[in-house]
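This report concerns only the one structure given below.
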Amino acid sequence: MPKIAIITGASRPGSVNKSVAEWVLAQVAGRTDADVELVDIADFNLPLLDEGYPAMYQNYQNPATKAWSAKISEFDGFIFVVHEYNHTAGPVLTNALSYLNVEFNNKAAGFVSYGSMGGARAVEHLRETLSELQVAHVRNQVMFSLFTDFENFSEFKPTEQNAGTLAPMVDQLVSWAKGFATVR
């Protein structure tokens with residue numbers, strides 16, 4: 001059974017990112033075809049990339065990097081909870097991805113995004129980054145609008161239509177995660 005991480009994409013105080021990630025976890029918790037875990041980037045206290053060697057060498061010097069590497073290595077796939085910030089993925093997620101390389105190779109990813117345009121632009125940029133890390137990203141995507149899925153832009157209340165896109169994305173992700181296990 002593949003192990004899937006739901007990875008938060010923000011650590012800013014007051015961010016709704018973790019509440020969206022917790023909602024995703026609650027929605028997929030009953031699945032019998034995958035083991036799912038919430039991984040909060042904030043728990044790793046990763047400073048702006050401060051490793052002396054390129055990530056592909058895995059010559060990590062800092063305890064935070066070693067902990068992040070060990071955690072990501074546990075998983076077969078990822079659901080990234082992505083907010084759009086300045087038309088791209090938030091800096092905390094981008095920074096966290098930059099720390100590692102091999103730990104992500106030949107795994108699968110899906111996206112739950114939000115923003116004024118549903119986070120679509122952020123995910124498009126993130127897809128490019130993940131391609132470089134050799135992460136296969138599924139086509140299906142979950143997008144939430146700040147205008148229709150959040151009350152007062154702060155309380156997550158997904159519409160039925162947008163919430164209904166989660167299961168098809170996770171179905172595809174689990175299938176791909178299983179397939180890539182044979183590649184690794």
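Checking side-chain atoms of Glu51 against main-chain N and O of Asn62 turns up a donor-acceptor pair under 3.5 Å. For Gln27 (side chain) and Leu25 (main-chain N/O), no donor-acceptor pair under 3.5 Å exists by modelled atom type. Side-chain N or O atoms of Asn140 include none that pairs as donor or acceptor with a backbone N or O of Val170 at under 3.5 Å. Checking side-chain atoms of Asn162 against main-chain N and O of Val142 turns up no donor-acceptor pair under 3.5 Å. A donor-acceptor pair under 3.5 Å is absent between the side-chain atoms of Glu84 and the main chain of Val82, judged by distance alone. Side-chain N or O atoms of Ser113 include one that pairs as donor or acceptor with a backbone N or O of Gly118 at under 3.5 Å.
Here the side chains of Leu38 and Thr8 are in contact, with some heavy-atom distance below 4.5 Å. For the pair Asp35 and Phe75, the minimum side-chain heavy-atom distance is 4.5 Å or more. Taking 4.5 Å as the limit, every side-chain heavy atom of His87 sits out of range of all side-chain heavy atoms of Met117. In this structure the side chain of Ile41 reaches within 4.5 angstrom of the side chain of Trp68, judged on heavy atoms.
Between Phe180 and Trp176, the ring planes are tilted. Angles from 30° to 60° get that label. Between Phe156 and Phe144, the two ring planes are perpendicular [angle over 60°; tilted spans 30° to 60°]. Relative orientation of the Phe150 and Tyr114 rings is tilted, given thresholds of 30° and 60° on the angle between their planes.
To the nearest 0.5 Å, atom CZ of residue Phe104 and atom OG1 of residue Thr129 are 11.0 Å apart. Taking CG of Asp149 as the reference point, atom OG1 of Thr159 lies at 4.0 Å (rounded to 0.5 Å).
Exactly one of Val81, Leu126, Asn17 qualifies for a side-chain contact (heavy atoms from CB on, under 4.5 Å) with Leu93. That residue is Leu126.
There is no side-chain donor-acceptor pair under 3.5 Å between Ser69 and Gln58.
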* Evaluate the side-chain contact (heavy atoms from CB on, under 4.5 Å) criterion for residues Leu100 and Tyr60: first the C-alpha distance (whole Å), next the side-chain angles of each, then the deciding distance (0.1 Å), finally the verdict. => CA-CA 9 Å; Leu100 306 179; Tyr60 307 130; 3.4 Å; yes

* side-chain contact (heavy atoms from CB on, under 4.5 Å) between Leu130 and Phe111, worked out -> CA-CA 11 Å; Leu130 292 175; Phe111 309 97; 3.6 Å; yes

* To do: Evaluate the criterion side-chain contact (heavy atoms from CB on, under 4.5 Å) for residue pair Trp23 and Ile6; output intermediate values, then yes/no.
  => CA-CA 10 Å; Trp23 175 85; Ile6 300 168; over 6 Å; no

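Between Arg127 and Glu124, at least one side-chain nitrogen of the basic residue sits less than 4.0 Å from a carboxylate oxygen of the acidic one, meeting the salt-bridge criterion. Looking at Asp40 and Lys71, no side-chain N of the basic residue comes within less than 4.0 Å of a carboxylate O on the acidic one, giving no salt bridge. Look at Asp33 and Lys178 and you find no salt bridge, because none of the NZ, NE, NH1 or NH2 atoms lies under 4.0 Å from a carboxylate O.
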